[in-house]
Amino acid sequence: MSPVTARLVTIVILALSLTRAEALEVLTRDGGPIAGPAIAHGAEFARETGVPVRVIPRPFDALYGAVMMGFVTGRPPADVLILPADWLPDVAPYLMPVPEALVQSPLVQGIHPAYRDRQMRWRGQWLAVTLDGDLHMGAYRRDLFEDRAAQAAYRAQTGRALEPPRTWQDYARIAAFFRARGVAGTLEASAENGQRLWSLFSHAAAYTAHPDHPGHFFFDPDTMAPEIDNPAWVRALHDYLDALATAPGPALPSHGVRTEFAAGAAAMALDWSDIGTVATDPASSKIRDRVGFFALPGTDQVWNPVAKRWDRLAAPRPVPFLAFGGWIAVVPRGAADPKAAWDYIAFLADPARAARDVMTGASGFNPYRLSQLDDTAGWSTLMGAQAAADYLSVLRESLSAPQTAPDLRLPGYPAYMAALDARLGRVLAGEITPEAALAAAATDWDRITDRLGRASQRRHYREAMGLEAAP
């Protein structure tokens, strides 16, 4: 090889190495959940494709600001963003659409419609790929519920069988019963920055879901007047406070709920479906072979937002709630290498890879694919046959119910959440009454809606609640 040729070869090799050194940047929250799989699969992706991946973790409280700061300054915050699905309305104007080939692929079409159709689109456009399915569910100690002395005492006290709750009244009654017997009744998130709002939302979903007046969960869909201070929400907040009272002790974040329940600290718990993998993990759970699951309780009393009265239904009606909605992956406009970005997202969401992730309690990813809900053998190996049957039954029931309630999905979502959480914090601190807190939060929400544009917010809300078709 001549010196000139050798020099040219060296230049080409250096150029290629420099190209490979340009890492694909992925911005998401810090910690093991969510960021953990992004990092681990990023390393796999680099080995298979030669494209290095650099995950940029941010504290959850700083993630929204980091994302929006990049957009408003004209600098894409990263090539790939992994963020909460409920932020999609705010980030939508800055995103690339999902490639049509990916939308039509088995990878996307195999995502459960509750997450695919609700969480991956905004204003009719495909903008995201779901990586995680979030909803609230209940867990209970089968050994405590099946104890004959407890069953006899509960029947003598209430005239009812001791079984998983089907209504919020059952839930409160059972929690109080176990508390009186010296066992914490139920665990729910109540710590600041610990996802406590979604526990309140779960209590409110059924009370606000009048079958003749859909869409009144958070707002009046005709006027955009906040509904969060009506009697349904007041009752839900009192129910939530009563539930917390059956488990005295420090306020718990959602992660603490599932780990304390796995330690055997309570008869029941309300949490995301992570609780299933955590409570049945032989390495960390003291009750792994004694766990059952139940769908979010319902009610036969619903608030009529038009007649301003409580109406009684013929039978209790459960209303599952897609709490938080899960995590999605998106690609900003201006990403340095859009093809590599979408390739990485497809790699991360690969069905086989995703199946392993959702069965790992540390991943932060919960079941969201149809195949994951059909994998009875896999879940039975992980949890045991009975717990797996309960778990999958709850997930299927919750995701297939026509009355399943979506989370709030509007531009300005973080502002609405922060305003309500601040008022809830004052209730938990004993500073104001539930009624005063919800009334003040409703005033806050009214101001936010006016600031963002009542007419446009009304259109967005009606589309999100399925009352109008997106353009």
Atom pair [atom1]/[atom2] of [X] and [Y] - distance to nearest 0.5 Å:
X: Tyr207; Y: Asn230; atom1: OH; atom2: CG; answer: 12.5 Å
X: Gln119; Y: Asp86; atom1: CD; atom2: CG; answer: 6.0 Å
X: Leu382; Y: Arg288; atom1: CG; atom2: CZ; answer: 8.0 Å
X: Phe365; Y: Arg356; atom1: CZ; atom2: CZ; answer: 13.0 Å
X: Trp233; Y: Leu200; atom1: CH2; atom2: CG; answer: 5.0 Å
X: Leu27; Y: Leu83; atom1: CG; atom2: CG; answer: 8.0 Å

Heavy-atom pair of closest approach, residues [X] and [Y]:
X: Ser254; Y: Gln195; result: OG-OE1, 2.6 Å
X: Ala279; Y: Ala262; result: CA-CB, 3.9 Å
X: Ala150; Y: Phe177; result: O-CZ, 3.5 Å
X: Val358; Y: Thr277; result: O-CG2, 3.8 Å
X: Tyr240; Y: Leu424; result: CE2-CD1, 4.1 Å
X: Ala349; Y: Ala354; result: O-CB, 4.1 Å

*Would Thr208 and Val302 count as a side chain to side chain contact (heavy atoms under 4.5 Å, CB included) if you check the C-alpha gap in whole Å, the side-chain angles of each, and the deciding distance to 0.1 Å?*
CA-CA 6 Å; Thr208 62; Val302 294; over 6 Å; no
Verify the distance criterion only: is there a donor paired with an acceptor across the side chains of [X] and [Y] at less than 3.5 Å?
X: Arg173; Y: Gln157; answer: no
X: Asp271; Y: His255; answer: no
X: Tyr171; Y: Thr186; answer: yes
X: Asp407; Y: Trp198; answer: yes
X: Ser371; Y: Asp374; answer: no

*Might you work through the salt bridge (Lys or Arg N to Asp or Glu O under 4.0 Å) test for Asp239 and Arg235, ending with a clear yes or no?*
CA-CA 6 Å; Asp239 280 3; Arg235 179 176 291 187; over 6 Å; no
_Sequence neighbours excluded - side chain to side chain donor-acceptor pair (under 3.5 Å) pairs with any residue from residues 387-398_ = none
*Residue pairs passing the side chain to side chain donor-acceptor pair (under 3.5 Å) test where at least one lies in residues 143-155, sequence neighbours excluded*: Arg141-Asp143, Asp143-Arg290
Measuring only between side-chain heavy atoms, which start at C-beta, is [X] closer than 4.5 Å to [Y]?
X: Phe321; Y: Thr404; result: no
X: Ile82; Y: Ile328; result: no
X: Pro338; Y: Met96; result: yes
X: Leu322; Y: Leu399; result: yes
X: Arg317; Y: Val319; result: yes
X: Pro99; Y: Lys339; result: no
X: Ile174; Y: Met268; result: yes
X: Val331; Y: Asp79; result: no

N/O donor-acceptor pair under 3.5 Å between [X] side chain and [Y] backbone:
X: Asn366; Y: Asp274; result: yes
X: Asp132; Y: Trp327; result: yes
X: Thr381; Y: Ala377; result: yes
X: Thr360; Y: Ser363; result: no
X: Thr280; Y: Met383; result: no
X: Gln125; Y: Pro97; result: no

*Counterpart residues, ring pair (Phe, Tyr, Trp, His ring centres under 6.0 Å), relative to Trp122 (two or more places apart)*: His460
*ring pair (Phe, Tyr, Trp, His ring centres under 6.0 Å) with His213: which residues, sequence neighbours excluded?*
His210
Under the salt bridge (charged side-chain N to carboxylate O under 4.0 Å, His left out) test, which residues partner [X], sequence neighbours left out?
X: Lys286; result: none
X: Glu192; result: none
X: Asp90; result: none
X: Arg181; result: none

_side chain to side chain contact (heavy atoms under 4.5 Å, CB included) against Ala441, all qualifying residues, sequence neighbours excluded_ = Ile228, Leu420, Arg423
*Sole residue of Phe293, Phe145, Phe261 in ring pair (Phe, Tyr, Trp, His ring centres under 6.0 Å) with Tyr140*: Phe145
*Answer yes or no: is there an ion pair linking Glu163 with Arg160, defined by an N-O contact shorter than 4.0 Å?*
no
*Do NZ/NE/NH1/NH2 and the carboxylate oxygens of Asp421 and Arg196 come within less than 4.0 Å?*
yes
*What residues, two or more places apart in sequence or in another chain, satisfy side chain to side chain donor-acceptor pair (under 3.5 Å) together with Ser202?*
His136
*For Gln372, enumerate each residue passing the side chain to side chain donor-acceptor pair (under 3.5 Å) test, keeping only those at least two apart in sequence or located in another chain.*
none
*Can the ring centres of Tyr416 and Phe218 be said to be less than 6.0 Å apart?*
no
_Stepwise side chain to side chain contact (heavy atoms under 4.5 Å, CB included) test for Met120 and Leu88_ = CA-CA 8 Å; Met120 290 173 52; Leu88 188 58; over 6 Å; no
*Would Arg353 count as a cation-pi partner of Phe347, with NZ or CZ less than 6.0 Å from the six-membered ring centre and within 45° of the ring normal?*
yes
*asked:* Please verify the inter-ring angle class for His112 with Tyr115; under 30° counts as parallel, over 60° as perpendicular, anything in between as tilted.
replied: perpendicular
*May I have all residue pairs that pass salt bridge (Lys or Arg N to Asp or Glu O under 4.0 Å) and include part of residues 98-125, sequence neighbours excluded?*
Arg123-Glu463
*Verdict with supporting geometry, Asn193 and Phe60, side chain to side chain contact (heavy atoms under 4.5 Å, CB included)*: CA-CA 9 Å; Asn193 298 321; Phe60 183 77; over 6 Å; no
